[in-house]
Asker: 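Quick one: structure below, then a few questions.
Proteins come first, then strands; the chains are lettered A, B, ... in the order of their sequence lines, and each starts at number 1.
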There are 2 protein chains.
Amino acid sequence: MNLRELSQQLGLSQTTVSRALNGYPEVNETTRKRIQDFADHHNYRPNQKAKSLATGKSMLIGHVIPFSTQHEMVNIVFSDFIAGAGEVYSTHGYDMLLSVVNDDNEIRAYSELARKGSVDGVIVHGPTQNDPRIALLQDLKIPFFVHGRSTDATSSYNHLDVNNKRAFSRATEFLLNLGHRRIGLINGLERMDFAQRRRHGYEDALQSAGIMPDPAIMRSAEMTEPFGYAATKELLAADHPPTAFIASSIVPALGARRAIEERALTVGKDVSIICFDDAISYMPNGEGEPIFTATRSSVRDAGRRCAELLIGVIQNPDAPPVAELWEAELVVGQSTGPAPKKA
Amino acid sequence: MNLRELSQQLGLSQTTVSRALNGYPEVNETTRKRIQDFADHHNYRPNQKAKSLATGKSMLIGHVIPFSTQHEMVNIVFSDFIAGAGEVYSTHGYDMLLSVVNDDNEIRAYSELARKGSVDGVIVHGPTQNDPRIALLQDLKIPFFVHGRSTDATSSYNHLDVNNKRAFSRATEFLLNLGHRRIGLINGLERMDFAQRRRHGYEDALQSAGIMPDPAIMRSAEMTEPFGYAATKELLAADHPPTAFIASSIVPALGARRAIEERALTVGKDVSIICFDDAISYMPNGEGEPIFTATRSSVRDAGRRCAELLIGVIQNPDAPPVAELWEAELVVGQSTGPAPKKA
DNA sequence: TGCGTCATCCAAAGCGCTTTGGAAGTGATT
DNA sequence: AATCACTTCCAAAGCGCTTTGGATGACGCA
């Protein structure tokens, strides 16, 4: 059942039927009702392909997800982000277009989406330092929104970020106040902008306390459980082992805990852990008292907000760029305690 | 730059240009080359909306993701599945359309996608027993593929499933052979078909060994870390605590481990854990020797295969239904050992 | 020379919707 | 009775592609 049949059966023009169903004013209320009822009865839905072509809007928002054996951007944070964003899209009549592409083709994937006109806007995930995608998307003149930030980007662009530097300096200060002097860093991949900022926050806090940051107790990799385990195990086995660790996500923190307990040490007593908690829905940080002391910011909320703001940009492309910076909250859990007295 | 401009500048008809670019035979090789070069030079990409309307194919495959506060289908398994599926879509020129909808609207979301013609096919995630979506999609006459199975579905439908029953009976047998007699079950939500089958596998293995399954040591909920923790903690504190646990995913298994270690017990010695391992990319089951003894089947591979098969169905809608049943492999890790002697 | 075949190209008709630019009818006003 | 404003509807022209059904010319062959 398409618009033509529908209008023929109603004895009206396509124009009138289309207008009636789309809520335009120039149609009599009684005929509108008749049209609406008839359409409902026949379960009519306008063909999306035709509608898109006619209006020029695809009602789709693109997300490009690179994959490779090295670099899993399809990560733990991602699924919660799209859950939040998708929620908002739905309520505005949009759907999400996911393009899962090989790492090497990531840049190309963005320009394909734009040139083919398959999406009305794009979200940029996981920006690196001086991320080339930003300039590209500006060139392509397609609305886009960055989740995170890209240092050294020359012009301004729409984005929302967590104050990662502050989150990590606060976490580090928290440990320092507990008397810890040797604090290991278990960071994400440092070509990611957020990981850079986190390290700077950590280093700044140490330096402010008169402690020289020691690269020997900093690790950086994809944020998996085994990475957290391996890094912690190695650092604990070395000379001058840290008495506390600061981890970039709850996942490597779980690995850190495993390494600590394997040495028959107690988390929160012998060794402290603090981490960044993205408030992942299926991996919550405990139910009552948090498992891990953490700086927390919901990535799902971030997804929601990015979606809202991007839709705003699509509806009003000439508005000045929007930027938001969220502060993470510090929640105290069971994984931290005073630095143990020296033996 | 669109096809009309392109053909005008080339002094050719739209027909010829379109055919040249789409590889049809009825165009001279030298003119094809000229057209191709010109198009490449101008970075021309056919408009997807127009192409879709003309061909009737959207080159999109729909996934519906329900969300609610109760039930998080946006779960750990999901992100790896779509990574695998998306990979295959890309290589076939498809993209993924994600519709994130409120729980109550899930059914409607499928029929909207079909009626609006926005997708060429659909994947059904997380089938329950006698899942209504199967009949609906059959009615709507849209190609679809089910990841999992739905017991009691009257007619046959395209699907791929892991042999969950067998995976859990084998896991249970493995524990029985180690001398365990009291084995706790930490299952997923039992309205999910897979969770049902898993429990049956567990119960069957117990009964074959002459052990009466005891509902008092079975738990079922969303597969989160805190759930695994809470369930294990509770069971360990009760009379006749289990000496082993079988968990439905690596995530609650992590929670189980936490509860066990909290009681100063050792995993794999005092208490054994075996779990189902979906081989999640960012939460691998260790690198060398697995952390958890597990029955394993890659959900990412399943995503890949479902995508392939669905594309097959789209290209050949009248082919007989395809069904695949994968066997999980049993990998032995550090989390299991002989049942402790009675004190 | 005339005819059939083949390779190469094109005009135009869709695909199913939205939207522009009226047209027709209805009252109210002069 | 003529004019105007307003409401209500419609025919037709897009949107940018694909695809049908020829048209044209070159060539080989009888």
Asker: Please tell me if the side chains of A:Ile61 and A:Leu310 come closer than 4.5 Å, counting only heavy atoms from C-beta onward.
Answerer: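 Yes; the side chains approach each other to less than 4.5 Å.
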Asker: Examine the side chains of B:Gln129 and B:Ser150 and answer whether a donor and an acceptor come within less than 3.5 Å of each other.
Answerer: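 Checked: B:Gln129/B:Ser150 side chains show no N/O donor-acceptor pair below 3.5 Å.
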Asker: Does C:dT19 have OP1 or OP2 under 4.0 Å away from a side-chain N or O of A:Tyr24?
Answerer: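 A:Tyr24 to C:dT19 OP1/OP2: side-chain N or O found under 4.0 Å.
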Asker: May I ask you to test the A:Val64-A:Val100 pair for a side-chain heavy-atom distance under 4.5 Å?
Answerer: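 They are not in side-chain contact.
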Asker: To the nearest Å, give me how far apart CZ (A:Arg45) and P (C:dT18) are.
Answerer: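 In whole Å, C:dT18 P lies 13 Å from A:Arg45 CZ.
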Asker: Taking atom types as modelled, is there a side-chain donor on A:Thr16 or A:Ser13 under 3.5 Å from an acceptor on the other?
Answerer: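 Looking only at side-chain atoms, A:Ser13 and A:Thr16 do form a donor-acceptor pair, the distance falling under 3.5 Å.
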Asker: Measure the distance from CG on B:Asn47 to P on D:dG14 and round it to the nearest whole Å.
Answerer: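 Computing the B:Asn47:CG to D:dG14:P distance gives 17 Å.
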Asker: Could you state the atom-to-atom distance from NZ of B:Lys49 to C1' of C:dC15 in whole Å?
Answerer: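 So the two atoms are 16 Å apart, to the nearest Å.
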Asker: May I have the distance from B:Ile35 (atom CD1) to C:dT8 (atom P), rounded to whole angstrom?
Answerer: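 Those two atoms, CD1 and P, are 12 Å apart.
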Asker: Can you tell me the distance, in whole Å, between the CD atom of A:Gln48 and the P atom of C:dT18?
Answerer: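 Checked: the CD to P distance equals 10 Å.
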Asker: Without decimals, in angstroms, what is the distance between B:Met59 CE and D:dT18 C1'?
Answerer: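 These atoms are roughly 14 Å apart.
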Asker: Within the 3.5 Å criterion, strictly below it, is a donor on B:Ser99 or A:Asp95 matched to an acceptor on the partner's side chain?
Answerer: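 On atom types as modelled, these side chains qualify, holding a pair under 3.5 Å.
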Asker: Produce a footprint string for nucleotides 6-13 of chain D: one letter per nucleotide, 5' end first; B if the base is under 4.0 Å from any protein heavy atom, S if only the sugar-phosphate is, - if neither.
Answerer: --BBBBB-
Asker: Can you check the A:Lys51 NZ to C:dC17 P distance for me, whole Å?
Answerer: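 One finds 9 Å between P of C:dC17 and NZ of A:Lys51, rounded.
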Asker: B:Tyr157 and B:His159: aromatic ring centres closer than 6.0 Å?
Answerer: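 That pair passes the under 6.0 Å test.
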Asker: Indicate whether OP1 or OP2 belonging to C:dT18 is found under 4.0 Å from a side-chain N or O atom of A:Asn22.
Answerer: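 Indeed, a polar side-chain atom of A:Asn22 lies that close.
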Asker: To the nearest Å, give me how far apart CG (A:Leu3) and C1' (C:dG14) are.
Answerer: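 Atom-to-atom, A:Leu3 to C:dG14, this comes out as 16 Å.
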